[in-house]
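Just so it is clear, the structure is predicted and the values come from calculations on it, not from any experiment.
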Amino acid sequence: MSRPSLPPPELRAYLEELVRRTSAVCGDRLVSVLAVGSLALGDYRHGRSDVDVTVVVDPAPPHADLSALAAALAHPELPCPAAGLELVVYAADFAARPSGEAGYLLDLNTGPALPERAGYDPADASDFWYVIDRSVAHQAGLPLYGAPARDVIAAPDRPTVLAALRASVREHADGDGHLADNRVLNGCRATVHCRTGHWFPKRRAGEIVAASEPAFEPLITEALRSFERPRAEAAVLPADEVRSFLAWVAGRVEEAAAAAGV
């Protein structure tokens with residue numbers, strides 16, 4: 001399963017400036033800046049995907065510095081060429097141990113297609129997103145600055161990841177705020193992770209599940225086609241078929257969770 005050694009050309013100047021600004025604010029506290037998510041897994045689609053970045057610091061900066069970092073990286077102060085930037089800052093001591101908590105110091109969402117948000121209290125967030133992101137980061141995080149991902153991000157254990165997947169599938173089944181194609185392909189990725197214990201790119205996971213589950217192949221194929229388009233041009237998939245597929249995914253997650261004793 002290959003992954004990129006460099007970010008896509010469309011993002012390199014942006015990520016270099018992001019690292020420069022992060023370093024300028026954090027100084028010698030900065031341990032690592034990692035590209036995660038679709039960038040790390042080799043599934044970034046320009047005009048569709050977000051840029052996902054994890055920052056590790058030691059020790060934790062004061063709130064004023066975290067607020068300054070959010071301001072320095074906010075679009076359009078730093079124009080984001082992707083659909084959006086999702087950046088999370090962790091203290092090194094938290095990131096270095098397995099955890100089922102959100103645990104961030106700063107959670108920044110910004111960009112042309114994302115609602116602006118700078119969160120500083122992990123109690124305000126759903127833990128499962130951050131568990132999954134750290135699991136992906138440990139497996140495949142792409143270093144942009146400093147220490148490699150596996151040296152600074154601990155892998156959550158399998159029961160913790162499966163509990164996070166259970167919550168993720170539940171949220172995608174509700175559908176609020178998520179494109180239908182992304183709900184389907186995230187379901188495919190969850191299914192393949194339950195089977196293998198590894199994170200696959202969404203497109204590859206979709207191909208795997210479509211090949212093994214003929215009943216869902218037409219829906220997944222349409223989701224894969226839609227995923228190639230910009231967000232504004234995403235296909236409207238049949239709602240009942242999406243719900244049926246995600247109910248099936250939930251069953252696969254429950255089977256894996258039962259086997260792991262969750």
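Using a 4.5 Å cut-off on side-chain heavy atoms (C-beta onward), Arg134 and Ser99 make contact. Contact of the Val55 side chain with the Leu105 side chain is not registered, since no non-hydrogen atoms from C-beta on lie closer than 4.5 Å. Side chains of Pro115 and Arg117 form no contact here, defined as non-hydrogen atoms less than 4.5 Å apart. The shortest side-chain heavy-atom distance between Pro201 and Glu207 does not fall under the 4.5 Å cut-off. Side-chain contact between Ile220 and Cys188 is present, with heavy atoms from C-beta onward closer than 4.5 Å. The closest side-chain heavy-atom distance from Pro79 to Tyr14 is not below 4.5 Å. Using a 4.5 Å heavy-atom cutoff, the side chains of Leu39 and Asp52 are not in contact. Contact of the Thr22 side chain with the Tyr145 side chain is not registered, since no non-hydrogen atoms from C-beta on lie closer than 4.5 Å.
Residues Ala118 and Ala70 share a closest heavy-atom pair of CB-CB, 4.2 Å. Nearest heavy-atom pair across Arg252 and Thr191 is CG-CG2, 4.5 Å. Here the closest non-hydrogen pair linking His193 and Val161 is CE1-CG1, 3.5 Å. Here the closest heavy-atom approach between residue Pro238 and residue Leu219 is recorded as CD-CD1, 4.4 Å. Tyr104 and Gly119 make their closest contact through CE1-O, 3.5 Å (heavy atoms, listed as atom of the first residue, atom of the second, distance). Of all non-hydrogen atoms in Ala137 and Ala149, the two that sit nearest each other are O-CB, 3.2 Å.
A donor-acceptor contact under 3.5 angstrom links the side chains of Ser212 and Arg195, judged on distance only.
Alongside Val56, the hydrophobic cluster contains Val31, Leu34, Val36, Val152, Ile153 (criterion: ILVMFWY side chains under 4.5 Å).
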query = Given the rule in the side chain to side chain contact (heavy atoms under 4.5 Å, CB included) test, do Tyr90 and Thr54 qualify, once you have shown the distances and angles that lead to the verdict?
reply = CA-CA 8 Å; Tyr90 295 109; Thr54 293; 3.8 Å; yes

Worked verdict on Asn186 versus Val249 for side chain to side chain contact (heavy atoms under 4.5 Å, CB included) = CA-CA 10 Å; Asn186 270 334; Val249 172; over 6 Å; no

query = Are His198 and Phe200 close enough, and set up right, to give a ring pair (Phe, Tyr, Trp, His ring centres under 6.0 Å), and what steps lead you there?
reply = CA-CA 6 Å; His198 292 279; Phe200 281 67; 7.2 Å; no

inquiry  = Quick one, Asp181 with Arg229, criterion salt bridge (Lys or Arg N to Asp or Glu O under 4.0 Å). Give me CA distance, side-chain angles, the key distance, then yes/no.
reply    = CA-CA 10 Å; Asp181 57 13; Arg229 306 172 190 164; over 6 Å; no

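Ring pair His46/Tyr44 is tilted by interplanar angle, where 30° to 60° counts as tilted. Classified by interplanar angle (parallel below 30°, tilted 30° to 60°, perpendicular above 60°), the ring pair Trp129/His172 is perpendicular.
With hydrogens and angles disregarded, no donor-acceptor distance shorter than 3.5 Å links the side chain of Ser135 to the backbone of Val131. Listed for the Ser244 side chain is no donor-acceptor partner under 3.5 Å among the backbone atoms of Asp240. Looking at Gln139, its side chain does come within 3.5 Å of a backbone N or O of Trp199 through a donor-acceptor pair. Between the side chain of Ser168 and the backbone N or O of Ala164, no donor-acceptor pair lies under 3.5 Å. At distances below 3.5 Å, not a single donor-acceptor pair connects side-chain atoms of Asp50 with backbone N or O atoms of Leu85. Ser226 contributes a side-chain N or O that, together with a main-chain N or O of Ala235, makes up a donor-acceptor pair within less than 3.5 Å. Between the side chain of Arg12 and the main chain of Pro7, a donor-acceptor pair closer than 3.5 Å is present. Of the possible donor and acceptor atoms, one in the side chain of Arg158 sits under 3.5 Å from a partner among the backbone N and O of Cys194.
Here the straight-line distance linking atom CZ of Arg204 with atom CG of Leu224 works out to 11.0 Å at 0.5 Å rounding. Atom NZ in Lys202 sits 7.0 Å away from atom OG in Ser38 (nearest 0.5 Å). Summarising the geometry, atom CG belonging to Asp65 is positioned 7.0 Å from atom SG belonging to Cys26; distances are rounded to the nearest 0.5 Å. Distance check: Asp133 CG to Phe128 CZ gives 10.5 Å after rounding to the nearest 0.5 Å. Note that NE2 of His138 and CG of Asp151 are 9.5 Å apart. Values are rounded to the nearest 0.5 Å. Rounding to the nearest 0.5 Å places CD of Glu213 at 8.5 Å from CZ of Phe245.
Leu87 and Leu114 fall into different hydrophobic clusters, where Ile, Leu, Val, Met, Phe, Trp and Tyr are joined by side-chain heavy atoms under 4.5 Å apart, directly or via other members.
Using a 4.0 Å cut-off between charged side-chain N and carboxylate O, Arg20 and Glu16 make no salt bridge. A salt bridge links Arg203 with Asp43; the closest basic N to acidic carboxylate O contact falls under 4.0 Å.
Evaluation of the side chain to side chain donor-acceptor pair (under 3.5 Å) rule for Asp58 yields no partner, not counting sequence neighbours.
Within 6.0 Å of the CG atom in Asp121, the count of heavy atoms belonging to other residues, nucleotides or ligands exceeds 12. Within 6.0 Å of the CD atom in Glu101, the count of heavy atoms belonging to other residues, nucleotides or ligands does not exceed 12.
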